[in-house]
Amino acid sequence: MTIASGSEQTQTDLVDVVVDDINVRVPKGTLVIRVAEQMGVEIPRFCDHPLLDPVAACRMCLIEIDGVPKPQPACAITVADGMKIRTQRTSPVAEKAQSGVMEFLLLNHPLDCPICDKGGECPLQNQAMSSGRGETRFEGKKRTFEKPIAISSQILLDRERCVSCARCTRFADQIAGDPMLELLERGAQQQVGVADDAPFNSYFSGNTIQICPVGALTSTLYRFRSRPFDLVSTPTTCEHCASGCSLRTDVRRGEVTRRLAWDDPEVNEEWNCDKGRFAFRYIRQDRIESPLVREDGRLRPASWPEALDIAARGLAAAQGRVGVLTGGRLTAEDAYSYAKFARVALRTDDIDFRARMASDEEAQFLAALVAGQPLGPTYADLDAASNVVLVGFEPEDESPIVLLRLRRAALKANTRVWSISASLTGGLAKMQGTWVPCQPGAEAQVMDDAQKDGSDDAFGAALRTPGAVLLVGERLAGIPGALSAAAALARNTGARLGWVPRRAGERGALDAGALSGLLPGGRPLTDPAARREVSDLWGVQADELPRYAGRRGSVPIAQSADAVIVAGVDPVDDPQGEQLMAALAGDRFVLSLETHHGPISELADVVLPVAVDAERAGTYVDWEGRSRSFGTAISGVTTVTDSRVLAMLADAMDESIGRGDVMELRAELATLGHWTGDRMSAPDVRPAPPAAGGLRLASWRLLLDLGRMQQGEPHLAGTARPTEAVMSAATAASRGLTEGSLVTVSTPDGSLTLPLRLDEVAHDTVWLPMHSPGCSIVQDLGAVPGDVVEVVPGGPR
Amino acid sequence: MTLTPVITEFWDRPDLYTLAGYERTGGYRALRTALAMDPDAIISQVKDTGLRGRGGAGFPTGLKWSFVPQGDDKPHYLVVNADESEPGACKDVPIMIANPHALVEGVIISSFAIRASHAVIYIRGEVPEAIRRVALAVSEAEAAGHLGHNIHGSGFDLKVIVHSGAGAYICGEETALLDSLEGYRGQPRLKPPFPAVAGLYSAPTVVNNVETITNIPWIINNGVEWFRQFGTEKSPGFKVFAVSGHVRRPGIYEAPLGITMRELLDYAGGMRDGSEVKFWVPGGSSVPMLTADHLDVPLTYEAMVEAGTMLGTGTPMVFDQTVSVVKAVTRWLEFYKHESCGKCTPCREGTFWITGVLKQFENGEGNDPDLDLLNELCEQIMGRSFCALGDAAATPYPAAVKLFRDEFITATHTPVDQTFDPARSFVFSETALSEVGAR
Ligand SMILES: Cc1cc2nc3c(=O)[nH]c(=O)nc-3n(C[C@H](O)[C@H](O)[C@H](O)COP(=O)(O)O)c2cc1C
Ligand code: SF4
Ligand code: SF4
Ligand code: SF4
Ligand code: FES
């Protein structure tokens, strides 16, 4: 038998070993426990975890090696040529060693199984059942601890259940880079713990619950809620960001009860972030349960036929002057339905999925370089990259799995990370990254400068190395010239360019054609061949498709339309949210397809309820361009998708866009595939001249903030970063501001008071969270990153 | 066999601990000789002497030094293990108090040999006297130019750091010591890599015992032949034996390896009045106990192994007939339970369990079948734990029950303090005994 991990494994890399009398040839350096695993021999283990460095602490995996006097831990011994290994299957010594350790492990373990969350899926319980003693030989008193203790608002620890495997502590240290969890004390008193003033507020804390081989770590959210055997599991994809995590959604009696990270080696490996794990109660809160229509100025429930009829008439009346605004929560299939519905049933190209900071420059950038492009750069490309330069992108907050990957690449694969950013963040430090300080708004300039002849910008040189990747964040759209500069920088250095949006549905919506000027697959609307391909599939004449690219941006679209369809748009995400609301409140027909009650559904003429993530099947396309399809987990409030509603609407309008069935939509998307013809050229917008005076505002959304889909999760919110202003010591000193004191940040439109922290921040710059409790820069300051603000000591006057 | 005071030769001089005092005995001569030598030649010379580590395991010192990769462009470190915390072990602390400069001179020569420009002396925190004296010796040596930059014009730089431990036996285990030095909890590290390849701050590091390093100046001064005239082929040289227990003159006796316990007992004035050897351990509590039958076995690494025990730290503890084996073993196990670092299951849980059962015996509430259970539990620890502390914890009981099973049986119904009046083992004079009303 030959077990090779890579196909290009050469003979010399392989060694011959014998496991339980079976000859195998395996790559040199493989751990004995992995060799056995691949042969189908399960060596029991507790501390071993394939993604963590070995500790060999639990001693459960002891095996015998010929010529070695003592049994050895299979999880820490790598194979050598000629090694003869005996596992518990053929070695009485190994068998006895393992049963001895098992007995010791159970010694101080409480008899909690009947009330323990882990019961039923617990490695210790399973192991005890399969090879433990029926009766204990221990007659003494077990060690006890106060139980449970909260190591964060989200995670509880029952120390007496802990087997000291150090998986959680190693995860925190090695994977998350948040070494706040430690083993404390010694001997039988050894216990996991945190410092008194530093709870385990890691964005990745939930993973420790999942990898804990016993029920020592539990979440406030799930504790005592269910037994694993009462759960029905569905593979799903996380809807909270564009990282694309594969999840497992566990449902009990029709309710989502918990979510786990699922194993996808190409994407999230076995990890996810706490938002993806714990933020799901929004599914049940404040849902729109039936269609609503406006009558005498007020919304009242209506039947589907009635509501559809009113909606169809409202849209038909505005034929040709309808705008479509879709947000970032849509699946690729639903976005495609909007793209098709707009062009076929509404005969409009006024469609835009970017319900956020957006610009024409960005639309052009996306059309030229991102929309409908094949997969890549990928996570694996980050692993393999020599250098990765981030601009306008803070992975820890904006796409956490990218952080984990880059951290590992930096620590284990010599990838060097650079960040052109207003501040040297903890996230960058975790990636051992190099900070290129940049005042917000100056990103374009910094990138342009690096391309000038004779530039000695090190990151520019780094981008010229083979395999380099330039990752730009969605928020660069707010900095004029920045995406143009990024496109040019990638072109001139040969680096691969990746665009990382924040929301799960953005890339899919872009690829599906939910942006004016773009048909599905990145096809230019004005390209005859592209029009033909699409119209053939859609069963319409090519000249029936809108002739010219439509309007862009939510406000222009809404202002010029007689009727607007709005789906999944949260006006607080949009710096022009107020203008958008004003436009929608005007004399226009507004159709809202929504999951939750919100400001837009409140002012709509017709509201049609649609399914949320867990209630429907679909696909998200992650930042890599990878399709992440998932199934329906619950029937929930409604299983009617946006696509299905649009299909019914089209019927009511005597148009046809198909049945809105997810398989049918996937097939259509697959038929269209990627556009390979000519594209629009990349934008060439010049940077705006730097504004004078004041401080520049730097900001992005923290992972855990006031986002709609995190509502109703106080325990999760308890682990969020504090709301604070951050600036450099020099800038603070120049304004007479001191660490920890309150400062007031103001613009002509408003002001905010919050505590100040000093850190590595670009000069004359203040960083604020974009949308956190007590600090929403758009609502409170009417500002966007790069704007000029004033900061003075003390509270409001 | 006669005593051979080498390291201990001038210990009766009250000023030996000062630089001047040490130099009057010929101190720091070896340093000048060594600095004129090729470092590799020093390593070979130490290798040729066959000097074995005095920290307990007896690993050949020169061989250990030769594992340090040379020309690797990494910093190298010498770490002196002065954490001496093994029950019964009391030789390193006296060396550091009586003759700290000999240790410092050994450190400088050893660092020069392995090309270390930093050395650390990690001293058990509970012995401030030793810490003070070593710290003083280091600063005196620095002032005298034996330490620091370009030592005596040789181009060799060395900084010595005296570090105080915080009270953990496990920090004497070399890799736990390194973690402790780096500021982490003292828990042993996974080996390989061994410290010689990746030790302190992942750089090549030699960890040696105080006594081992203190041997070096004499080896440089007197050479291989001289060293090898003492001891045996496999255990060459002399040893600082620390004899404790029910002997008339407990203390330090430096003699060639191969001396017997009977001879050492003689030097120590024999057993106290009216008492006889009941059991003894040659090297701290971590090695199996012997009885009077073994008094003529040579104290060498090899002969001790043959007798079923180990030389260990070479610090014999001798117990007379007043001592309950049950109680002694219980105390030792309590020590291991208290000192177990908690990292691995067998030692963490095993010491907890065994100690509980032994306490029952001590209280006269033991159960017959538990005698076998305890043996099994020790088997479940021995060779299964992460580091040698677990093995040490599994050592005392099996030897004790083999030799003194009856005493354990008695302890199933009678508290050991009734069978063995503690006063008789603690208090030496008959009058005092009657004063405390001893049985
Ligand atoms: C639990 C434990 C405690 C130890 N304590 C000491 C100690 O206090 N001093 C010491 O020199 N070696 C101690 N050792 C041995 C060291 O690990 C190491 O082998 C020794 O310092 C090497 O020095 P040497 O080669 O000069 O003997 C201890 C080992 C264990 C397992
Ligand atoms: S809490 Fe769980 S994961 Fe952490 S050390 Fe204990 S058993 Fe292991
Ligand atoms: S990293 Fe993104 S995709 Fe993954 S769990 Fe978190 S929010 Fe969801
Ligand atoms: S044997 Fe295990 S628990 Fe005991 S001291 Fe060594 S590593 Fe720690
Ligand atoms: S699994 Fe190997 S020691 Fe824990």
Side-chain angles (χ1 to χ4, degrees), chain A residues 46-47 53-64 68-73 75-78 80 93-94 96-109 124 136-143 162-166 169 173 179 182-193, chain B residues 166-171 176 184-192 333-360 365-367 369-370 372-374 376-391 393-394:
Chain A
F46 291 105
C47 64
D53 295 343
V55 270
C58 76
R59 317 303 285 180
M60 189 63 207
C61 66
L62 294 172
I63 46 104
E64 218 185 338
V68 181
K70 298 195 263 184
Q72 296 295 315
C75 68
I77 302 281
T78 53
V93 172
K96 184 146 186 280
Q98 291 175 8
S99 64
V101 171
M102 192 62 217
E103 181 173 33
F104 283 144
L105 279 173
L106 293 176
L107 186 67
N108 273 314
H109 198 78
L124 184 67
T136 178
R137 297 195 289 177
F138 176 63
E139 287 166 359
K141 219 161 113 187
K142 283 181 192 265
R143 170 204 59 199
C162 170
V163 293
S164 285
C165 72
T169 54
D173 180 30
E182 248 307 351
L183 284 157
L184 313 171
E185 304 299 335
R186 64 189 191 194
Q189 287 302 312
Q190 180 173 258
Q191 54 193 276
V192 171
Chain B
Y169 173 51
I170 190 58
C171 288
Y184 298 102
R185 285 170 82 224
Q187 283 197 332
R189 297 176 182 176
L190 199 55
K191 291 187 264 195
L333 258 297
E334 280 181 329
F335 170 80
Y336 291 114
K337 175 193 165 198
H338 186 255
E339 298 298 331
S340 164
C341 82
K343 180 169 189 150
C344 75
T345 312
C347 167
R348 179 184 68 237
E349 306 295 335
T351 53
F352 174 92
W353 189 349
I354 293 174
T355 308
V357 177
L358 283 174
K359 280 298 274 185
Q360 290 181 323
E365 293 160 358
N367 298 306
D370 282 351
D372 296 335
L373 173 71
L374 286 174
E376 279 179 50
L377 296 182
C378 289
E379 275 171 32
Q380 284 172 208
I381 300 174
M382 184 57 93
R384 275 80 175 133
S385 55
F386 189 94
C387 83
L389 192 151
D391 294 342

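Note on naming: letters A, B, ... go to the chains in the order of the sequence lines (proteins, then strands), and numbering restarts at 1 for each one.
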Practice item. Return the minimal non-hydrogen interatomic distance between Val55(A) and Leu190(B), and the atom names on each side. Key: O-CD1, 3.9 Å
Exercise for review: Tell me, for Val93(A) versus chain B, whether the close heavy atoms (under 4.5 Å) come from the side chain, the backbone, both or neither.
Suggested key: both
Review point. Relative to each other, are the rings of Phe104(A) and Trp353(B) parallel, tilted or perpendicular (30° and 60° limits)?
Key: perpendicular
Revision key, fill the gap. Rounding to 0.5 Å, atoms OH (Tyr184(B)) and CD (Glu182(A)) come to a distance of 9.0 Å
Check your understanding: Shortest non-hydrogen contact from Pro71(A) to Gly383(B)?
Key -> CD-O, 3.7 Å
**Study point:** Top contributor to chain A interface from Glu379(B), Arg185(B), Glu349(B) [non-hydrogen pairs under 4.5 Å]
**Key:** Arg185(B)
Point to revise | Portion of Leu377(B) that has a non-hydrogen atom of chain A nearer than 4.5 angstrom | key: both
Point to revise | Choice from Glu139(A), Glu185(A), Lys141(A), Met60(A) maximising heavy atom contacts with chain B below 4.5 Å | key: Glu185(A)
Check your understanding: Roughly how far, to the nearest 0.5 Å, is the CZ atom of Arg59(A) from the CD1 atom of Ile381(B)?
Key -> 12.5 Å
Revision key, fill the gap. Rounded to the nearest 0.5 Å, the CZ atom of Arg348(B) sits from the CZ atom of Arg186(A) at a distance of 14.5 Å
Review point. Out of Cys344(B), Pro346(B), Cys347(B), which one racks up the most heavy-atom pairs below 4.5 Å with chain A?
Key: Pro346(B)
Check your understanding: Counting only N and O atoms by type, is there a donor-acceptor contact under 3.5 Å from the side chain of Ser164(A) to the main-chain atoms of Lys343(B)?
Key -> no
Practice item. Could you tell me which portion of Phe386(B) (side chain, backbone, both or neither) has an atom closer than 4.5 angstrom to a non-hydrogen atom of chain A? Key: both
**Study point:** Nearest-0.5 Å distance that lies between atom CE in Met102(A) and atom OG1 in Thr345(B)
**Key:** 10.0 Å
Point to revise | Separation of Met382(B) CE from Lys70(A) NZ (nearest 0.5 Å) | key: 8.5 Å
Exercise for review: Select, from Gln187(B), Gln360(B), Glu339(B), the one with the greatest count of heavy-atom pairs under 4.5 Å involving chain A.
Suggested key: Glu339(B)
Review point. About how many Å separate CD of Gln72(A) and CZ of Arg384(B), when rounded to the nearest 0.5 Å?
Key: 10.5 Å
